[in-house]
Enquirer: 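Below is one structure. I have some questions about it.
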2 protein chains.
Amino acid sequence: MESSELRKAGLKVTLPRVKILDILEQSSNRHHSAEDVYKALLETGEEIGLATVYRVLTQFEAAGLVKRHHFEGGHSVFELNQGTHHDHILCVKCGRVDEFVDETIEARQQDIAAELGYEMTDHCLYMYGICADCKGK
Amino acid sequence: MESSELRKAGLKVTLPRVKILDILEQSSNRHHSAEDVYKALLETGEEIGLATVYRVLTQFEAAGLVKRHHFEGGHSVFELNQGTHHDHILCVKCGRVDEFVDETIEARQQDIAAELGYEMTDHCLYMYGICADCKGK
DNA sequence: TCTGCGGATGAAAAAGCTTCTCATTATTAT
DNA sequence: ATAATAATGAGAAGCTTTTTCATCCGCAGA
Ligand SMILES: [Mn+2]
Ligand SMILES: [Mn+2]
Ligand SMILES: [Zn+2]
Ligand SMILES: [Zn+2]
């Protein structure tokens with residue numbers, strides 16, 4: 001139930017927040033731009049402004065409910081935060097996104113940061129390529 | 001000499017192109033936003049429009065003279081392409097940027113892409129943290 | 001050195017994404 | 001139910017980047 005998640009995050013239970021969380025949880029795609037969410041709301045008949053979508057997604061990010069990514073192309077994409085870190089590989093032809101975690105890479109990153117004198121707070125690895133489906137054509 | 005590099009890249013030798021390449025080669029910073037380059041041009045007394053800066057940097061990228069990166073914060077940064085791939089670690093406090101290459105990570109990336117059925121075309125790893133200097137305060 | 005063509009430039013407008021403003025409305029604690 | 005407070009919608013504005021278009025320049029050929 002979305003309302004308890006919102007309350008737990010210290011957010012008032014409002015219609016826009018419930019509907020947006022609903023879309024993030026129900027949609028078959030895990031990665032959404034603000035525009036994607038806005039259009040999905042329109043399709044369900046909700047008249048929620050784009051500014052509100054941006055505000056709510058930013059609040060969800062601050063509350064730890066979603067993660068924001070900067071895929072190439074300028075705009076942000078959001079996905080439900082399910083607690084575990086992962087990285088992304090994107091098809092440059094069709095836009096498909098796959099997720100992965102690799103402990104070898106994660107460990108090396110920690111070492112490199114330490115070697116360079118950094119205390120690492122975050123990291124993201126984006127790989128771009130042509131997916132199996134798109135290779136055939 | 002900049003003009004021969006431009007000719008080699010198939011670009012006409014124009015004042016904006018020479019000056020911009022000059023800034024990229026002479027500056028102590030390796031990573032520049034378009035705005036950075038524009039301001040540096042103004043400081044040397046050159047009246048070159050921002051649109052031209054964007055155009056030239058995009059052409060340099062297409063010609064393989066520079067690499068474009070998308071650090072967090074929305075805008076692109078450019079650096080001279082010295083042929084060898086490297087990744088980046090950025091200080092979230094002071095903006096410092098360090099570069100590194102790690103063969104273990106590079107190799108794992110190839111494996112992961114292959115496992116997921118992708119033919120990898122590009123990749124970028126951004127690490128964020130607090131640098132040695134900024135940790136002290 | 002002169003000429004002419006195609007490409008390059010500058011200035012301003014426009015585009016695309018995101019944030020802000022402010023009047024109105026909804027939520028929550030009492 | 002009421003009051004205090006926060007959230008919303010619509011539109012304006014902000015920022016980075018691209019496009020438009022009239023003018024200008026580099027450069028190959030004469
Ligand atoms: Mn993901
Ligand atoms: Mn670099
Ligand atoms: Zn594909
Ligand atoms: Zn620092």
Side-chain angles (χ1 to χ4, degrees), chain A residues 1-23 31-42 44-63 65-78 95, chain B residues 1-23 31-42 44-63 65-78 95:
Chain A
M1 173 151 276
E2 296 86 1
S3 43
S4 60
E5 293 183 60
L6 290 172
R7 263 185 263 271
K8 212 181 304 171
L11 296 168
K12 283 189 187 176
V13 179
T14 66
L15 190 138
R17 288 174 181 162
V18 170
K19 292 296 177 190
I20 290 171
L21 192 49
D22 197 47
I23 282 165
H31 306 90
H32 310 261
S33 68
E35 193 76 29
D36 291 340
V37 173
Y38 176 65
K39 283 183 186 147
L41 287 167
L42 288 183
T44 68
E46 297 298 336
E47 295 279 333
I48 292 171
L50 184 55
T52 299
V53 173
Y54 274 104
R55 262 189 304 241
V56 168
L57 288 171
T58 301
Q59 291 159 346
F60 282 5
E61 184 190 18
L65 290 175
V66 307
K67 282 272 190 188
R68 183 195 300 250
H69 301 288
H70 301 275
F71 294 166
E72 306 235 340
H75 57 290
S76 298
V77 301
F78 301 84
Chain B
M1 172 149 276
E2 295 86 1
S3 43
S4 59
E5 293 183 60
L6 290 173
R7 261 185 266 269
K8 211 181 306 171
L11 297 168
K12 281 190 188 176
V13 179
T14 65
L15 190 138
R17 288 174 181 162
V18 171
K19 292 297 178 189
I20 290 171
L21 193 49
D22 198 47
I23 283 166
H31 306 91
H32 310 260
S33 68
E35 192 77 28
D36 291 339
V37 172
Y38 176 65
K39 284 183 187 148
L41 287 168
L42 288 183
T44 68
E46 297 300 336
E47 296 279 334
I48 292 171
L50 184 54
T52 299
V53 173
Y54 275 103
R55 262 189 303 240
V56 169
L57 288 172
T58 301
Q59 291 160 345
F60 282 5
E61 184 190 18
L65 289 175
V66 307
K67 282 272 190 188
R68 183 195 299 250
H69 301 290
H70 301 276
F71 293 166
E72 305 235 341
H75 58 290
S76 298
V77 301
F78 301 84

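Keep in mind that this is a model prediction, so the values were computed, not measured. Just so it is clear: chains get the letters A, B, ... in the order the sequence lines come, proteins before strands, and each one is counted from 1.
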Enquirer: Over all strands shown, is B:Glu47 touching base, sugar-phosphate only, or nothing at heavy-atom distances under 4.0 angstrom?
Expert: sugar-phosphate
Enquirer: Mark yes or no for whether A:Asp22, through its side chain, and A:Lys19, through its backbone, hold a donor-acceptor pair below 3.5 Å.
Expert: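 Flag not set: sc A:Asp22 to bb A:Lys19 has no pair under 3.5 Å.
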Enquirer: Mind calculating the distance between CZ (B:Arg17) and C1' (D:dG26) to the nearest angstrom?
Expert: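 B:Arg17 atom CZ is separated from D:dG26 atom C1' by 10 Å.
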Enquirer: Using a 4.0 Å heavy-atom cut-off, does B:Arg55 contact any base of the nucleic acid, only the sugar-phosphate backbone, or nothing at all?
Expert: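 Result for B:Arg55 = base.
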Enquirer: Does OP1 or OP2 of D:dG9 have a side-chain N or O of A:Thr52 closer than 4.0 Å?
Expert: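 Answer yes for this pair, as a side-chain N or O of A:Thr52 is under 4.0 Å from OP1 or OP2.
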Enquirer: With DNA chain D as reference, determine whether A:Ala51 or B:Leu50 sits nearer its 5' end, using the nearest nucleotide of each.
Expert: A:Ala51
Enquirer: Heavy atoms only, 4.0 Å cut-off, all strands: where does B:Ser33 land among base, sugar-phosphate and nothing?
Expert: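 Since no nucleic acid heavy atom lies under 4.0 Å of B:Ser33, the category is nothing.
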Enquirer: Please give, in whole Å, the distance from D:dG9 P to A:Leu42 CG?
Expert: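 To the nearest whole Å, that distance equals 11 Å.
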Enquirer: Any base atoms under 4.0 Å from B:Arg68, or only sugar-phosphate, or nothing? Heavy atoms, all strands.
Expert: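 Contact class for B:Arg68: none.
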Enquirer: Rounded to whole angstroms, how far apart are CG on B:Leu6 and C1' on C:dG7?
Expert: 14 Å
Enquirer: Please report the distance, rounded to the nearest Å, between NE2 in B:His70 and C1' in D:dT16.
Expert: 12 Å
Enquirer: Give A:Leu15 one of three labels, base, sugar-phosphate or nothing, depending on what nucleic acid heavy atoms sit under 4.0 Å from its own.
Expert: nothing
